[in-house]
Every structure is written in structure tokens, then in C-alpha cells.
Amino acid sequence: MLTKREKELLEGVELSFMFTIDAERDHCPHGKTYHGMTMLPHALDFCTDHEITATVFCTGDIARKFPDILKEVAKNHEVGCHMDHHEPLVPNEYDNRVISQQHAERALRAATEALRAVANPLCFRAPYLAFDDRFIPSLIHHGYHVSSSVPASHSRGLAVMGEITEVCVSASLSLNPLLEYHVFSLENLMLRGDSLLRGLFDLLILKYCTVPMLPVVFLCHSWELTTSALCAIRAMLDTFPDTMRFDTVSGFSRNLHESLKARL
Ligand SMILES: [Zn+2]
């Protein structure tokens with residue numbers, strides 16, 4: 001599938017790749033249901049079969065409703081926090097609710113308590129990838145070390161903000177009810193179906209091979225991991241067998257800090 005030149009480009013390259021799944025109440029196209037939670041165990045079996053340790057960002061709501069599923073998740077994968085009921089930290093194009101800082105703080109506390117019943121969450125993802133830097137002290141207060149809350153296109157790349165490391169999201173798998181699934185890089189490249197591999201390849205090569213410290217963070221929602229989406233991901237893994245080194249979000253951050261310390 002790859003050309004000779006592309007194979008040469010990939011020779012010796014090892015990219016940090018984080019496979020992240022947001023587990024929350026379903027939204028478009030499923031409506032206000034929890035269908036995604038019935039799909040999550042199958043998707044994580046797929047990850048385990050391919051030696052991928054995923055990071056699953058869960059709402060507190062999910063942790064209270066599906067404790068047994070989350071306990072299974074926590075055996076092999078990382079569990080992170082995605083607020084309590086997916087409260088937005090800032091108004092955005094999907095959710096215009098304006099919540100106060102106190103409301104956000106209460107929601108974070110409730111979510112953290114619910115998640116601690118199954119795991120010790122160290123990483124956080126803001127709903128809708130809409131983060132507010134004023135929230136950083138709350139994250140630190142509740143024991144978080146890493147945030148993956150900003151799209152790569154909006155951000156400063158990899159940033160250490162006090163005690164919180166921001167690991168930006170670089171690509172997303174999103175289900176479009178009319179067009180099957182598509183992958184979009186958060187640098188405005190939109191792809192679907194067969195273009196998926198090509199797009200990820202371009203994303204990896206053009207952007208990330210040139211900046212070796214920059215990881216690829218792939219975001220999907222649990223309800224998007226249909227059999228056909230998993231087949232496409234499997235094809236991608238078969239294409240780049242030696243290129244990707246999978247890590248959890250907090251594992252990546254820990255390694256990053258250790259390697260920075262070693263350089264000083
Ligand atoms: Zn979400």
C-alpha cells in the first residue's frame with residue numbers, strides 16, 4: 001500500500017500514538033442514550049488484541065451508571081476524567097451553556113469522586129475540546145497531572161502549564177450519519193472511508209515526523225467504534241506496524257518529563 005519513497009520516509013521512525021476514547025452519554029446521531037457503553041468493551045478487546053493501551057476519558061455520570069464496565073476498563077487501560085455530565089468549561093458551538101467557575105469546580109469534584117471508585121484518574125479532557133486556562137488550579141487541586149483538552153490546530157503544541165502538561169488532540173474519528181465515518185485531523189483535513197489511511201499517513205509524515213517530540217493523539221467516542229471503524233483502524237495498524245508506539249496520555253507525559261529531566 002505504501003510507495004517505496006514512503007517506506008523510506010518511515011524507516012526508523014517511531015511515533016508516540018495515543019488512542020483515546022471519550023465515554024459519555026451518546027450524542028449525534030444516537031441521541032440521549034448510552035449505546036456507546038455497550039460498544040466500549042468490544043472496542044477495548046480490539047485494543048488489547050493489538051497491544052494498544054488506550055486512555056478512556058469518562059464522565060462521572062458514566063462511572064456511576066456503569067461501574068462494572070469501568071472496572072474492567074481500568075484493568076488494562078487508563079481512565080481519565082471528562083467532567084461529570086459533560087459540562088462545557090466555556091460556551092462553544094455545540095453547547096452554549098454558561099456555567100460558573102463554582103459549578104465547574106463542583107462538577108469536577110463529583111466526577112473525580114465517581115472515577116476514584118474505579119481508578120485514580122491523572123488525566124483530564126475538557127468536553128468539546130474547549131478548555132479554559134483558569135481551570136488549571138482546579139485540576140491541580142484534584143490531583144490531575146495531564147490535560148488533553150485542546151485541538152492541535154488551536155494550540156501551543158505540547159505545553160507544560162505549571163504542574164499540568166497539555167497533550168493536544170491531533171486527529172479524530174467522527175461518525176457522520178450521512179457519510180459513514182470520517183477522520184479529520186484537527187488541522188482541517190477531512191477524510192472518510194478509504195481516504196482514512198491516506199489521511200493519517202499524511203498527517204503522520206507531513207506533520208509529526210518533522211517534529212519528533214510531538215505525539216499523535218487520536219480521539220474517538222465509544223459509539224463511533226463500529227465494526228467498520230475498527231476494520232479501518234486495523235488496516236492502519238497493519239500499514240504502520242513498526243512506526244507507532246502506543247502509550248496512555250499520562251504514560252506519555254511521564255516519559256516526556258523523564259526525558260526532559262535527563263537532558264537538563
Ligand atoms: Zn466529550
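One-based numbering, in listed order, for ligands and for the atoms of each. None of the values given here were measured: they were computed from a predicted structure.
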Name of whichever N/O/S atom of Glu24 is nearest to the Zn ion (ligand 1):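 For Glu24, the N/O/S atom sitting closest to the Zn ion (ligand 1) is OE1.
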Contact flag His221/the Zn ion (ligand 1), N/O/S atoms, threshold under 2.8 Å: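 Given the 2.8 Å cut-off, His221 does not count as a ligand of the Zn ion (ligand 1).
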From OG (Ser138) to CD (Gln102), nearest 0.5 Å: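 Taking OG in Ser138 and CD in Gln102, the distance rounds to 10.0 Å.
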Under 3.5 Å: donor-acceptor pair, side chain of Glu24, backbone of Pro127: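 The answer is no, because no donor-acceptor pair under 3.5 Å joins these two groups.
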Any donor-acceptor pair under 3.5 Å from Glu166 side chain to Ser149 backbone: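 Yes, Glu166 side chain to Ser149 backbone: donor-acceptor pair under 3.5 Å.
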Angle, NE2 of His86 through the Zn ion (ligand 1) to NE2 of His82 - 10° precision: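 For NE2 of His82 and NE2 of His86, the angle centred on the Zn ion (ligand 1) reads 100°.
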Centroid-centroid distance, Phe46 to His50, less than 6.0 Å: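 Distance test on ring centres: under 6.0 Å, yes.
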